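Worksheet for the structure shown next.
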Amino acid sequence: MNPQPTSSAPDTDTSSGGSVVLAWLFVGIPLAWGVSQTFIKALALFK
Amino acid sequence: MADNSPSLLDRRRTIAGPGYNRWLVPPAALAIHLAIGQAYAFSVFKKPMGALISGNVDKPDALDWTPGQLAVIFSIAIVLLGLSAAVFGKWLERVGPRKAMMASALCFGGGFLIASLGVHLHNIWLVYFGYGFVGGCGLGIGYISPVSTLIKWFPDRPGVATGMAIMGFGGGAMIGSPLAVALMAHFKESAPMGVAPTFIVMGLVYLAFMMFGVFTIRVPAEGWKPAGYVPSTQSNALITTANVDADQAIKTPQFWLLWVMLCMNVTAGIGVLETASPLIQETFSDASMGPGRGVTAAVAAGFVGLLSLFNLLGRFFWSSASDKLGRKPTYLIYFGLGIALYALVPTLAARASLTLFVMVCCVILSMYGGGFATIPAYLRDLFGTMQVGAIHGRLLTAWSTAGVLGPLLVNYLHDSQKAKGLTGAAAYQTVFYTMASLLVIGLIANLLVTAVNERYHFKGTITAASAGH
């Protein structure tokens, strides 16, 4: 969802869907790695 | 000719242009919270740092740092988290999130670098100053820096937005712990226990990672609203359309009621986190479960990992749910259900009901995380968006208080029961009943929350800086 145009726009910055996906991957990949490491450790509980 | 263009960190340079997608803000916030969340994985350094002289974690030298000395590092960091959030909250509202995030990144990354020198020189005071003091300031400023910005970008779902960011703080430990273990193993030949170079690498990696957040964050332009967003016209006394200045907010009973709620919820959660590993091992031992069927240290570590996962998931789930349920009812669930579950834990432990025991602890930890993540939206409801970041910062002193007093209380209660000769689950009964009674205090505080009196409302003109636009 994009902001509506306003009268004060000091920087012209556009962001495509691709940049949003890349941004989420940037933080999502390390988070997924950390979660997977924790999940593997937690599996010991169910063995 | 003088250059009057604002610097890259200036608030004016962070006002979003027409094409900016607000879904870039949560990853920017996550970049900060995933980094500073490493603090909760600091315990991974305790054993190696306690064997820098001897080189053997099982046989420390007399000159090695003691567990007590090392515990102080985290305590300083958590106290500084609350203090710096409280002190720099209004500054953050004035200068904007980018400059605050930059300050946080420099402090957090720099803290690691100073601490590495302390480890290299085997000077504990330098480690206290680096990771504890400087790094702790980075924690506090970083924790609050994206919160008010997120609330302003997502007026339609503030719980979802802050839940996403604060979930990152829970996830930070999950990244920081295995990363530190891998780095220490890599550097163990080049430095005592590999700690000093690990600190250097982590400091630089976190600094770089946080830069993504620094340069991605934007604040919405003044008057911006999500397309199609219509503020609810339904009357709800606990959701204000007014604003309260941070200095006024701390004079209201509502602020202190929320302070008590956060403090009680965190202290109770720490009760489980502190005792999780020994409790499950001592309660579900070979003696109670049968030979070879007791919970081992590795399984207990898995249990702690599972609790961390629920702590993380609860931050997002409960905070998002609070957008639908309302903040006060959500905290009624945390405290009401929490009281019942905390009181149930000793019974489940005594009956050796391992599956139920694990499930109950997971729900408890989800609500512990939820308590952290829902509080910014509760503050917004009561005090408005104008200085919600600064008010949140002041409220985090409750976390510092609980972070220091919680473990002391839990360990004191447990040790006193052991001194009476109680063992296994019986030694933990008092801990859990005490935690349940703390939640009763939190429940009462939540029930007492009403709308903020109009005399505290901000009457002046909201400027761009005070509004955080």
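All of these numbers come straight from a predicted model, not from anything done at the bench. Any value given below was found using the heavy atoms of this structure, including those in side chains, with hydrogens, waters and symmetry copies removed. All chains are named by letter (A, B, ...) in the order of the sequence lines, taking the proteins before the strands, and each is independently numbered beginning at 1.
Nearest heavy atoms, B:A298 versus A:A44: O-CB, 4.0 Å. Across B:S308 and A:T38, no two heavy atoms sit closer than the pair CB-CG2, 4.4 Å. Closest approach of B:L34 and A:V27 over heavy atoms only: CD1-O, 3.5 Å. Heavy atoms only, all atoms of each residue included: A:K41 and B:A301 are closest at CE-O, 3.7 Å. The shortest non-hydrogen separation linking B:P27 to A:A23 is CB-O, 3.7 Å.
Of the residues B:L30, B:L179, B:I175, the one that meets the side chain to side chain contact (heavy atoms under 4.5 Å, CB included) test with A:P30 is B:I175.
Applying the 6.0 Å contact sphere to CZ of A:F26 captures more than 12 heavy atoms from other residues, nucleotides or ligands.
Contacts between B:L354 and chain A at a heavy-atom distance below 4.5 Å are absent for every atom of the residue. Contacts between B:V304 and chain A at a heavy-atom distance below 4.5 Å are absent for every atom of the residue. Neither the backbone nor the side chain of B:L307 has a heavy atom closer than 4.5 Å to any heavy atom of chain A.
Contacts with chain B were tallied for A:L43, A:V35, A:L22, A:I40; A:V35 has the most, counting heavy-atom pairs under 4.5 Å. Of the listed residues (B:A173, B:P178, B:G305, B:G171), the greatest number of heavy-atom pairs within a distance under 4.5 Å of chain A belongs to B:P178.
Within the 3.5 Å criterion, the main-chain N or O of A:W24 finds no donor-acceptor partner in the side chain of B:W23.
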